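Read through the structure below, which is laid out as structure tokens, and then see the notes.
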Amino acid sequence: MSKENLSLTSPLSCPSVLHQQRLDQLAAFVRTSEQILDAWDTYSDQHTDPDCQPYDDESYGRRAARRDADTWEAAALIRPFARELLSTAAVQLQHLPARMVQPAWPWHLTAADDALDQLDAIEAEGSARLDGLPPSAGPGTAAYDDLVAARNAEAWHALNELALHTPAILAIHAAAQAAPPRLEAVAPHPAPTVSASPAPAARR
């Protein structure tokens with residue numbers, strides 16, 4: 001095969017500006033989630049006894065509610081496009097050389113998708129409960145804030161799962177950028193059609 005029939009390609013090696021921005025937002029979410037969890041672990045260690053029982057249940061509960069709310073808000077920034085990032089990562093994964101693929105990456109993508117499903121369900125249920133409140137029970141009222149806090153607390157596990165598994169998207173993207181281009185055959189251009197020369201007129 002001649003060089004003219006080969007081209008160098010690397011699928012998805014040049015992300016769009018929007019896709020790169022979303023990857024940056026995902027990386028920020030992962031960092032924020034880690035910071036929230038680290039701060040919570042430090043607080044919990046300092047405010048519980050050796051049996052992990054809080055010294056002050058009320059203060060401990062308020063701090064846990066803040067942890068849940070902060071993580072919910074951080075995740076809300078990436079959830080609108082998180083599945084698109086997962087889909088792109090899945091395509092990139094299919095095109096990566098086997099030697100560059102981490103065995104756990106497909107599992108991470110599936111687990112992140114499951115976490116998004118859980119969060120969607122929890123949000124839908126929470127919104128239905130909020131819609132059932134009387135008009136006077138808006139943000140800032142005990143009834144409204146209690147429902148929001150309950151939603152966030154219920155979502156805590158799924159939020160943790162999302163923060164745990166979405167870094168695989170970033171790792172797959174980095175691998176796709178580092179992957180060598182692949183040689184793919186390009187169909188040769190058809191030769192131009194040559195019109196037949198008209199037959200010479202017979203001499204008389």
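As the structure is a prediction and not an experimental result, all values here were calculated from the model.
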Would you mind writing out the side-chain donor-acceptor pairs for residues 76-87 within the sub-3.5 Å range, not counting sequence neighbours?
{"from": "R79", "atom 1": "NH2", "to": "D120", "atom 2": "OD1", "distance (Å)": "2.9"}
{"from": "R79", "atom 1": "NH2", "to": "E123", "atom 2": "OE1", "distance (Å)": "2.8"}
{"from": "R83", "atom 1": "NE", "to": "D113", "atom 2": "OD1", "distance (Å)": "3.3"}
{"from": "R83", "atom 1": "NH1", "to": "D120", "atom 2": "OD2", "distance (Å)": "3.0"}
{"from": "R83", "atom 1": "NH2", "to": "D117", "atom 2": "OD1", "distance (Å)": "2.3"}
{"from": "E84", "atom 1": "OE1", "to": "R22", "atom 2": "NH1", "distance (Å)": "2.7"}
{"from": "E84", "atom 1": "OE2", "to": "R22", "atom 2": "NH1", "distance (Å)": "3.2"}
{"from": "S87", "atom 1": "OG", "to": "R83", "atom 2": "O", "distance (Å)": "3.1"}

In residues 33-41, what donor-acceptor pairs under 3.5 Å come from side-chain atoms, sequence neighbours left out?
{"from": "S33", "atom 1": "OG", "to": "F29", "atom 2": "O", "distance (Å)": "2.9"}

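Side-chain N or O atoms of T141 include one that pairs as donor or acceptor with a backbone N or O of G138 at under 3.5 Å. Put simply, the side chain of D51 never gets that close to the backbone of Q53: no donor and acceptor are under 3.5 Å apart.
Looking only at atom types and distance, the side chain of Q20 has a donor-acceptor partner in the side chain of D24 under 3.5 Å away.
In this structure, the side chains of H173 and I169 stay at 4.5 Å or more apart for every pair of heavy atoms. Between E125 and E154 the shortest side-chain heavy-atom distance falls below 4.5 Å. Side chains of Y43 and Y60 form a contact here, defined as non-hydrogen atoms less than 4.5 Å apart. Here the side chains of L130 and L133 are in contact, with some heavy-atom distance below 4.5 Å. Counting heavy atoms from C-beta on, the side chains of R62 and E58 come closer than 4.5 Å. Between I172 and V101, the closest side-chain pair of non-hydrogen atoms is not below 4.5 Å.
Atom CG in L170 sits 6.0 Å away from atom CG in L23 (nearest 0.5 Å). To the nearest 0.5 Å, atom CD of residue Q118 and atom CD of residue E161 are 7.0 Å apart. Taking CG of L147 as the reference point, atom CG of N152 lies at 11.0 Å (rounded to 0.5 Å). The distance from atom CG of D56 to atom CZ of R63, rounded to the nearest 0.5 Å, is 14.0 Å. Note: D146 CG to R151 CZ = 13.0 Å, rounded to the nearest 0.5 Å. Of the inter-residue distances, the one linking Q92 atom CD with W105 atom CH2 reads 10.0 Å to the nearest 0.5 angstrom.
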*Go through the steps to decide whether T48 and Y55 satisfy the test side-chain contact (heavy atoms from CB on, under 4.5 Å), and finish with yes or no.*
CA-CA 6 Å; T48 56; Y55 296 127; 5.6 Å; no

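When the side chains of ILVMFWY residues are joined at heavy-atom separations under 4.5 Å, either directly or via intervening members, W156 and V30 end up in two distinct hydrophobic clusters.
Shown here for T32 and A74, the closest heavy-atom pair between the two residues is CG2-CB, 4.0 Å. The shortest heavy-atom contact between A115 and L162 is CB-N, 3.9 Å. Across A137 and A143, no two heavy atoms sit closer than the pair CB-CB, 4.2 Å. Between A168 and H108, the shortest heavy-atom contact is CB-CB, 3.5 Å. Nearest heavy atoms, D68 versus L159: O-CD1, 4.2 Å. When all heavy atoms of L119 and W72 are compared, the closest pair comes out as CD2-CZ3, 4.1 Å.
The aromatic rings of W107 and H165 sit perpendicular, their planes meeting at an angle over 60°, well past the 30° parallel limit.
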